[in-house]
Amino acid sequence: MMKTGSCSFGMWKVLVSWEGNVVHQVQFVRTAPEGLVPVQFTKFLAGRVDSFAPLVSAAVSGDSVYSRIYAAVSDIPYGETRTYGEVAFAADTHPRVVGNAMARNPTALIVPCHRVTAADGGLGGFTPDLQIKRDLLKMEGKRRRG
DNA sequence: CAACGTGTTCCAG
DNA sequence: CTGGAACACGTTG
């Protein structure tokens with residue numbers, strides 16, 4: 001049975017929908033319905049854990065290009081960043097597609113799209129607010145590659 | 001089926 | 001450093 005809840009991250013709310021260990025949706029929103037979320041979220045957002053295990057994103061299932069991209073992004077270690085091009089190479093596709101996939105990423109955080117940055121050292125983008133990406137990377141103690 | 005839009009990149013000026 | 005073409009793929013007409 002599908003459950004829904006929310007928790008806070010700065011001025012934003014994190015809306016979460018999940019079923020068992022499979023997370024179907026994680027979105028940053030202004031306002032969200034009240035409700036508990038798995039402890040992994042509150043701990044992660046507090047910087048107390050670096051993993052969501054045993055939770056997994058529903059987006060990585062399947063064998064489409066997008067699922068390969070989400071899987072590749074999920075492999076990026078905590079605190080590290082990769083470029084759109086590197087993710088594209090890992091998923092055997094084009095950087096442009098990676099950007100498109102990230103923009104439609106249904107499960108933020110679990111699929112750490114905030115760790116995907118532009119090749120020129122820029123941050124790239126983030127929906128709904130780039131500031132969230134900055135805050136997340138800052139929290140993880142952003143270091144270039146390693 | 002053709003055209004467009006992307007959280008990009010890379011190669012010329 | 002700025003400008004433009006190309007790339008793969010989903011969405012839209």
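By convention in this document, chain letters (A, B, ...) are assigned in the order of the sequence lines, proteins followed by strands, and residues within each chain are numbered from 1. Given the structure is predicted, the values throughout are model-derived calculations rather than measurements.
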Worksheet item: Who passes side-chain contact (heavy atoms from CB on, under 4.5 Å) against Q40(A), sequence neighbours left out?
Response: P38(A), F52(A), P54(A), L55(A)
Worksheet entry | Nucleotide nearest T127(A) (side chain, heavy atoms from C-beta), chosen from dT9(B), dG7(B), dG5(B) | dG7(B)
Discussion item. According to salt bridge (Lys or Arg N to Asp or Glu O under 4.0 Å), who are the partners of R68(A), at least two apart in sequence or on a separate chain?
Written reply: none
Item to complete: Would you mind reporting whether V87(A) and M102(A) have side-chain heavy atoms less than 4.5 Å apart?
Response: no
Item to complete: Whole angstrom is fine here: how far is it from CZ in R96(A) over to C1' in dC4(B)?
Response: 11 Å
Worksheet item: For the pair made of OH in Y84(A) and C1' in dC10(B), what is the distance, rounded to whole Å?
Response: 17 Å
Worksheet item: So, the side chain of S6(A) versus the backbone of P33(A): is there a donor-acceptor pair under 3.5 Å, distance only?
Response: yes
Practice prompt. Scan G125(A) against the nucleic acid and name what it touches under 4.0 Å (heavy atoms): base, sugar-phosphate only, or nothing.
Written response: base
Worksheet item: Atom CD of E86(A) to atom C1' of dC7(C): distance rounded to whole Å?
Response: 18 Å
Fill in: same_hphob_cluster(V73(A), V56(A)) at 4.5 Å side-chain heavy-atom cutoff
no
Worksheet item: Looking at the side chain of T83(A), which of dT9(B), dG7(B), dC9(C) is the nearest nucleotide?
Response: dT9(B)
Worksheet item: Given atom CG of L130(A) and atom P of dT6(B), what is their separation to the nearest angstrom?
Response: 17 Å
Item to complete: Give one of base, sugar-phosphate or nothing for V116(A), where a contact means two heavy atoms less than 4.0 Å apart.
Response: base
Worksheet item: Mind checking whether L45(A) and Y78(A) sit in one hydrophobic cluster, side chains of I, L, V, M, F, W, Y counted as touching below 4.5 Å?
Response: yes
Discussion item. Nearest whole Å is fine: how far is dG5(B) P from H94(A) NE2?
Written reply: 18 Å
Worksheet entry | Atom pair distance, as rounded to whole Å: CZ in R104(A) and C1' in dT11(C) | 7 Å
Practice prompt. Measure from CZ on F28(A) to C1' on dG7(B) and round the result to the nearest Å.
Written response: 15 Å
Discussion item. Distance check needed: dC11(B) P versus D120(A) CG, whole Å only.
Written reply: 14 Å
Worksheet, complete the sentence: Among the nucleotides dG10(C), dG7(B), dG5(B), whichever has the atom closest to the side chain of Y66(A) is dG10(C)
Worksheet item: Does A101(A) offer a backbone N or O that forms a donor-acceptor pair with the side chain of Y70(A) under 3.5 Å?
Response: yes
Worksheet, complete the sentence: For DNA chain B, consecutive-pair runs of 3 or more (Watson-Crick or G-U wobble, both H-bond-type distances under 3.5 Å) give B:1-6 with C:8-13, B:8-13 with C:1-6
Worksheet entry | Residue C113(A), side-chain heavy atoms: nucleotide from dA8(C), dT6(B), dG7(B) that is nearest | dG7(B)
